[in-house]
Amino acid sequence: MIFTTRFAPSPTGPLHLGHAYSALFADALAQQNNGRFLLRIEDIDQSRARQEWEQQIFDDLSWLGLSWDRPVLRQSGNLPRYRAALEALWSRGLLFVCHCNRRDIEQAAAAPQEGAPLTGPDGLIYPGTCRDLPRDTRAPLPSGKALRLDLRAAARHLPPEISFEEKGKGSAPQRITCKTEDVAARTGDVVLCRRDMGTSYHLSVVLDDAMQEITDVVRGEDLFDATVIHVVLQHLLDLPVPVYHHHRLIRDDAGKRLAKRDDARAISFFRSEGASPGDIRAMVGL
Ligand code: GLU
């Protein structure tokens, strides 16, 4: 199988130094392995995605010296695939409709009998409020509703341990394992379909990595904790589990991880100041 990796930005703002590092790192790994480097536009949040940011992504990456196969996969073009996966999970009784808003979750998670609120890859761990409401899995998949993965029901379809190969964190490749019975406590019943999107990050990323035949996922270590959920989904949807390389994050001078709004670290800003691609590589320690 040919080593295949990808860079998967969301066109919701300018690429910054952290993105440059991730893309250059992924491309270098692909080259070392005589493999392929792909680009994927993660634009499921159509309320925030903008055509001009997408164009800026192409410009910045080309300027950095990167190239990729075309046409580029856009998640907004994949909604029917996401829906098909949701339908399959729904009919197996692995999803439930969630009516809670953020405030409901904060209140339920902070209830005194629950102890200190716990957080997982998506923030506060969902306290399970809607999990036991009646559901009719023979009815069609509900539309326009938030849907969560029922991890207790899912556990019956999973091996006793969830594991994946991690080649980024630490000095040597390692096998990361988590007992299936512990996954729910670590992540909660994550959202697989947002009310207004018809999918979620977790569902789309897993389906698209499989569709693009990604053998090696290269991304920032901020997504390390989400990986157990991705592997759970790969098992449930009968998809291959890639190797993961979670790399260090590029931080600002105060040690904070860079965000899209850090315009001062945008690649386009450095370009406008006359920096060269080599300068960017040096800035991110490559
Ligand atoms: N679209 C995600 C981001 O911009 C990347 C997700 C991933 O690499 O799995 O952070």
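Keep in mind the model is a prediction, meaning the values are calculated, not measured. Both ligands and their constituent atoms are indexed starting at 1 by order of listing.
Close contacts of ligand 1 with Ala8, meaning ligand atoms under 4.0 Å from a residue heavy atom, involve 1 (N), 2 (C), 3 (C), 4 (O), 5 (C). For ligand 1 and Tyr201, the ligand atoms under 4.0 Å from any heavy atom of the residue are 6 (C), 7 (C), 9 (O). Listed by atom number, the atoms of ligand 1 under 4.0 Å from Ser10 heavy atoms are 1 (N), 4 (O). Listed by number with element, the atoms of ligand 1 under 4.0 Å from a non-hydrogen atom of Glu42 are 1 (N), 2 (C), 5 (C), 6 (C). Atoms of ligand 1 lying under 4.0 Å from any heavy atom of Val205, numbered from 1 in the order shown and given with element: 9 (O). In summary, the atoms of ligand 1 found under 4.0 Å from a heavy atom of Arg6, numbered by their order in the structure, are 7 (C), 8 (O), 9 (O).
Screening residues 179-199 for ring-ring contact (aromatic ring centres under 6.0 Å, His included) gives no qualifying pairs among residues at least two apart or on separate chains.
Using a cut-off of 4.0 Å between Lys/Arg side-chain N and Asp/Glu carboxylate O, Arg83 and Glu87 are scored as salt-bridged. In this structure, Asp196 does not pair ionically with Arg194, as no charged nitrogen and carboxylate oxygen lie closer than 4.0 Å. Ion pairing between a basic and an acidic side chain is recognised when a charged N comes within 4.0 Å of a carboxylate O; Arg135 and Asp150 show such pairing.
Of the polar atoms of His19, none of the N or O atoms is found under 3.5 Å from an N or O of ligand 1, judged by distance alone.
By the criterion of a heavy-atom distance under 4.0 Å, the side chain of Leu223, and not its backbone, is placed next to ligand 1.
Annotation: side chain to side chain contact (heavy atoms under 4.5 Å, CB included) contacts of Arg48 (sequence neighbours excluded): Thr12, Asp45.
Using cut-offs of 30° and 60° on the angle between ring planes, the pair His246 and Tyr244 is parallel.
At a distance under 4.0 Å, no protein heavy atom can be found next to atom 10 (O) of ligand 1.
Side chains of Gln212 and Arg40: a donor on one and an acceptor on the other come within 3.5 Å.
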